[in-house]
Structures are given as C-alpha cells and as structure tokens.
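Just so you know, ligand 1 is whichever comes first in the structure, and atom 1 is the first atom listed for that ligand. What you see below is based on every heavy atom in this structure, not just the backbone, and it leaves out hydrogens, waters and symmetry mates. All residue numbers in this chain count up from 1 along the given sequence.
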Amino acid sequence: MRDEDALARFAVDESGLGRFPPEAAVLPETAEEVAHVLEVAAAHGVPVTPRGTGTGMTGGALPVRGGIVLCTERMTKIRELDVDELIAVVEPGVVTGALQAEVEAAGLFYPPDPASLASCSLGGNVAENAGGPRAFKYGTTREYVLGLDVALMGGERFSCGRRTMKGVTGYDVTAAIVGSEGTFAVATAITLRLLPRPAAVGTLLATFVDAITAGTAVGAILRRGLRPCALELLDRATIEHMRGRGRRLPARAAALLLVEVDGPAESIEAEVERAGGACEEAGALEVVVARSDQERRELWETRRLVNPTLRDTHRRKIPEDIVVPRKAIPEMLRRVDAISAETRIPTATYGHAGDGNLHVNLLVDEPDAEIADRLGRAMDAIMRATLELGGTLAGEHGVGLLKMKYLPWEQSPQLLRVQRELKRVFDPRDLLNPGKILPPA
Ligand SMILES: Cc1cc2nc3c(=O)[nH]c(=O)nc-3n(C[C@H](O)[C@H](O)[C@H](O)COP(=O)(O)OP(=O)(O)OC[C@H]3O[C@@H](n4cnc5c(N)ncnc54)[C@H](O)[C@@H]3O)c2cc1C
C-alpha cells in the first residue's frame, strides 16, 4: 500500500519517538512473499523495516530511512501445537496472548508474558527478546525459541535451530537472531518450546512505607527459598498515579510489591503464606492475598493499569528499561528521585524487582522544545547511575533508536566492532532496519 492515510499507522510505534512515514508498506501472508519483498527491495537499494504490531518501546519498527515497512500482521497461523513434544510452530504475526490462550487450553504453558501480550506479536517478541513479569522464574523469549525460519535482505531463506530439546550443531545462529531487533533477518516461522502448565498460582499484594523496605522484602522472600513467577515493584510516584485512577491503596503506602508463585496445587498455599510472612517481617503495611481468580485479576489490574495510566495522564512518557543488581534497586530508586528533583522532570518507576529490571518513566507535559535540555540531562544521568551500580541499559525493550547513543557507554569499542561485523555478515549493504542499535562508527 502507498496511500498516505493508510501509511500513517506505520510511521509511529509505542516509543513516542516521532513520525517516520515509509514510502510503502507491504503486508505479506507467506514466507515466499516476505523473501520476494526483500529480494526486490535489495535489487533497488531500498531499506526495509520489519514490523509486528508496533508496540515496541524503543522505536525498532520506525522506518527512519524511509523505504518499505514489512508488516507481519497477516501471518497469524499457529501451524502446530505438539502436546507430546511440547512444541509450537507459529507464524511471526501471531499475537502472544492468542498463542498463550491456545497453549493453555491444551494444558500447556508458554511463559514469556510481556505486559503488552494482548497486542504484541511473537515475531516482535523474538526480535526484542521480550521479557515480562514471569522472566524472573522462567527466563525471556530466548529460552523458548528452539528454531527459526528466516529470510535475509536479498531474499535468501534458511532454517536454523532445531525441534529437539538439545542440540549443539554449529554456531548458535538462532540465538544471534533472537534480540537482533529486525536488523539481521526477518523471522517467517518460529519454533517454540512449551512447558506443562503449572497446576496452581497464588498471588499477594504487599504495601510498604518506602522502596527500601520493599527491597528488603524481596531479599527476604528469596532467602526463604521461594522463586516467585512474578515480583513486581511500584514506586511512590506510580502509586500516586494509581490512586488518581481510583485504586484503593493504604494512605502511607509508598512502595508496592505484587508477588505471584506457581507450582503444584498442594504447595501453593504454603508458599503464599511464606511470601506474605517475609513481607510482614520486612515491615509491610498491609498484605492482601487473592482468594479467588477474580481477586487475583483485581490485584493484577493495579499493575496492568500502570502503563496506560501514565500514558493517559501525560503528554508524553519516555519509558526507560534499565537493569541493576537486585540489591542496588533501593539505591537506584534514590538516585532516580534525585535526578528527577535536579532536572525537574517527574518520573514514575515500576518494574520487575526479581530481575532488577526497572521501567523508569520520564513524564513530560511541557512542549519538547522547552525541556529538551533537561530531558537529555535526566536520561544521561539515569544511564550513568545504572552503569555505576553495575547494571545494564536495556532489560527487555531493546536499544532501537532510543538507546543507540548510550551503547558505547556500556560496551567497549572492540565489542561494538564485532557487532558491526556481525551485522555485515547478515546484511552487508545495511538495508534491513538501518539506523538502529549500533551508532555510526
Ligand atoms: C503497554 C506495553 C507494555 C509492554 N510490556 C512489555 C513487557 O512487559 N516486556 C517486554 O519485553 N516488552 C514490553 N513492551 C514492549 C513491546 O510490546 C515488545 O518489545 C514486543 O516484543 C514488541 O512486539 P511488536 O510485535 O509490537 O513489535 P514491533 O514494535 O512491531 O517491532 C519491534 C522490533 O521487532 C522487529 N520485528 C518485528 N517483527 C519481526 C520479524 N518477524 N522478524 C524480524 N524482526 C521483527 C522490528 O523491526 C522492531 O525492531 C510493552 C509495550 C507496551 C506498549
């Protein structure tokens, strides 16, 4: 399609980084059509930007150099669900939540659970190595990708990986493509590892007077030998936003932990009690345990509403995605507060406390021109603090456009050189999703 109105939705994604209209968008239905697009585009030196459903937070799907957006939204078949081998084979446009529903109906489990699962695609999850609350216990998308069918810029196609649980033949090309943010190859089919579905889950919500106490509770839960499948933290500013949205939370609460455990039905209640006990010992103001599926959904609702609430109540929000060692979470939150005060950019932080993965949201209400300098200083300071505390700059949203400038802050020139050479192996003319991840040499 080339109609300007029809192309408008391909010019933006959830990063809020601006509008980058492509010259054309192509919506293939088969791997052959994907390869054909890549062949014709390469022959004419036209850039191609792969796109799933555009929920990316770092601008990965934005066609910054124009050209063609290759969107997989019509490639939505779940081709195979093998309950004996615990494998699913899917097309890249399958929405993550749709696969999960199908898999769970078959008594199985696909753990990666980005909060966007109702709308993001599995191709996008593979490209970003998406995580989510359950990553602490179950790992990220990478742990579940056994194999891929891909097409390279120029149209060449190959399969990599395997259908077996083990396999070490050759270099792990599959692992290299997972997390490459659509800059190496376009995934046309994905073979995923599944697990048996846990028999039971237990959920509790604990509130604390500050994030340091909540951090102590995280340590206490883990020291009791528990491995929750979710350990979500909300800071004071985020809680205030949620109060504004009508969520009932204790007046003194300035930090919140949502804890979920899963496993055999006979042990769940005891695990919930141990987790709740750890929170109380650490000084929780209140511990609320879900007694039914309905109550569990309500507890999760508070967490799920965070992102839309922050988005709806500010002109723009810049979602950071840093990771620090778990024990550094309180110090990182302290530093974020100090950076926010110094630059006068409000922030709201929430995230996956088990992984140390914090989504620090910079909240912008003034026009960009008025605060560009302060915003830049705030971003720089957050990145610097993350690295000083032994962390990494991107936990699950990728580098895309947003973090490109910061990659050399974390990685050595030698490591950047190796990555540039890797990119050349897959895409020597830099036509597939150009202008992402690696800053110009
Ligand atoms: C409300 C909200 C909550 C979110 N929560 C989480 C979360 O908890 N965890 C998390 O990890 N992320 C989260 N995200 C970010 C986002 O949903 C993920 O990065 C997701 O994996 C992107 O999928 P997509 O289909 O939208 O990809 P897009 O945004 O369309 O594209 C993302 C990247 O993938 C590439 N790509 C897409 N399809 C292919 C393909 N077939 N082959 C090769 N490259 C491809 C694109 O080129 C681009 O670089 C959230 C986003 C929102 C809006």
Quiz item: Looking at Tyr138 versus Phe109, is the centre-to-centre ring distance below 6.0 Å?
Solution: yes
Exercise. State which residues pass side-chain hydrogen bond (donor to acceptor under 3.5 Å, both in side chains) with Glu181; sequence neighbours excluded, sorted by chain then number.
Key: none
Exercise. With Arg51 as the cation and Phe10 as the aromatic partner, state whether NZ or CZ is under 6.0 Å from the six-membered ring centre and within 45° of the axis.
Key: no
Quiz prompt | Atom-level proximity to ligand 1, residues with heavy atom under 4.0 Å | solution = Glu14, Pro50, Arg51, Gly52, Thr53, Gly54, Thr55, Gly56, Met57, Gly60, Ala61, Thr72, Pro92, Pro114, Ala115, Ser116, Cys120, Ser121, Gly123, Gly124, Asn125, Ala127, Glu128, Ala130, Gly131, Gly132, Glu181, Gly182, Ala185, Val186, Ala187, Asn307, Glu396, His397, Asn433
Quiz item: Regarding Glu14 and His397, is there a side-chain donor-to-acceptor distance under 3.5 Å anywhere?
Solution: no
Exercise. Could you tell me whether Lys405 atom NZ has more than 12 heavy atoms of other residues or ligands within 6.0 Å of it?
Key: yes
Quiz item: Going through the checks in order, is the side-chain hydrogen bond (donor to acceptor under 3.5 Å, both in side chains) test met by Asp337 and Ser340?
Solution: CA-CA 5 Å; Asp337 283 346; Ser340 168; 5.9 Å; no
